[in-house]
Amino acid sequence: MLGIPRRYSHLVFGVIQSGLTSLIAAGIASFPAASAMVFLGHWIASWLIAWAAMLPIVLLAAPAIRAVSLRLTREDGELRTRRQA
């Protein structure tokens with residue numbers, strides 16, 4: 001493994017998540033290409049552009065998305081504890 005310190009795991013997650021998401025989206029957008037070579041060239045170019053655009057957005061939005069998801073969810077057993085009190 002690369003040995004990146006664990007404190008940077010949120011950044012590594014953002015890089016992987018944005019790369020995978022943009023790769024899939026660019027592939028879907030490129031699918032109507034006439035030939036395999038045209039598709040491949042269009043897919044790679046689209047993916048690099050999409051990833052460059054999405055990476056900072058994902059890294060900046062992740063803390064806000066995490067906070068919203070924590071407000072919308074609860075720990076297992078939390079509801080039972082509130083009802084019993």
Side-chain angles (χ1 to χ4, degrees):
M1 300 316 288
L2 292 176
I4 298 170
R6 180 85 17 105
R7 67 180 175 270
Y8 299 116
S9 66
H10 64 287
L11 295 174
V12 173
F13 177 89
V15 169
I16 294 168
Q17 190 270 333
S18 63
L20 182 61
T21 302
S22 59
L23 180 72
I24 293 167
I28 292 168
S30 301
F31 190 69
S35 70
M37 290 308 293
V38 171
F39 167 76
L40 189 60
H42 190 263
W43 189 5
I44 296 299
S46 298
W47 172 58
L48 290 172
I49 293 167
W51 196 5
M54 287 307 300
L55 182 58
I57 293 168
V58 167
L59 293 178
L60 294 173
I65 294 168
R66 189 172 296 115
V68 169
S69 68
L70 289 174
R71 286 187 158 269
L72 295 172
T73 59
R74 60 179 167 79
E75 290 288 334
D76 291 337
E78 186 177 326
L79 190 58
R80 280 181 262 135
T81 305
R82 286 185 184 170
R83 287 183 180 168
Q84 291 173 354

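What you see is a predicted model; the values in this text were computed from it and never measured.
Identified under the ring pair (Phe, Tyr, Trp, His ring centres under 6.0 Å) test for residues 54-73, with sequence neighbours left out: none.
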Review item, side-chain donor-acceptor pairs of residues 22-31, under 3.5 Å, at least two apart:
| from | atom 1 | to | atom 2 | distance (Å) |
| --- | --- | --- | --- | --- |
| S22 | OG | S18 | O | 2.8 |
| S22 | OG | G19 | O | 3.2 |
| S22 | OG | W47 | NE1 | 3.2 |
| S30 | OG | A26 | O | 2.8 |
| S30 | OG | H42 | ND1 | 2.7 |

Distance-only donor-acceptor pairs under 3.5 Å for side chains of residues 57-69, two or more places apart:
| from | atom 1 | to | atom 2 | distance (Å) |
| --- | --- | --- | --- | --- |
| S69 | OG | I65 | O | 3.3 |
| S69 | OG | R66 | O | 2.8 |

Name every donor-acceptor pair, under 3.5 Å, that has one atom in a side chain of residues 5-17 and the other anywhere in the protein, sequence neighbours excluded.
| from | atom 1 | to | atom 2 | distance (Å) |
| --- | --- | --- | --- | --- |
| S9 | OG | R6 | O | 3.1 |
| H10 | ND1 | R7 | O | 3.3 |
| Q17 | NE2 | T21 | OG1 | 3.1 |

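Grouping Ile, Leu, Val, Met, Phe, Trp and Tyr by side-chain contacts under 4.5 Å, direct or through others, leaves M37 on its own.
A continuous path of hydrophobic side-chain contacts links W43 to L48 [ILVMFWY only; heavy atoms under 4.5 Å]. Each of F39 and I49 belongs to its own hydrophobic cluster when Ile, Leu, Val, Met, Phe, Trp and Tyr are linked at side-chain heavy-atom distances under 4.5 angstrom.
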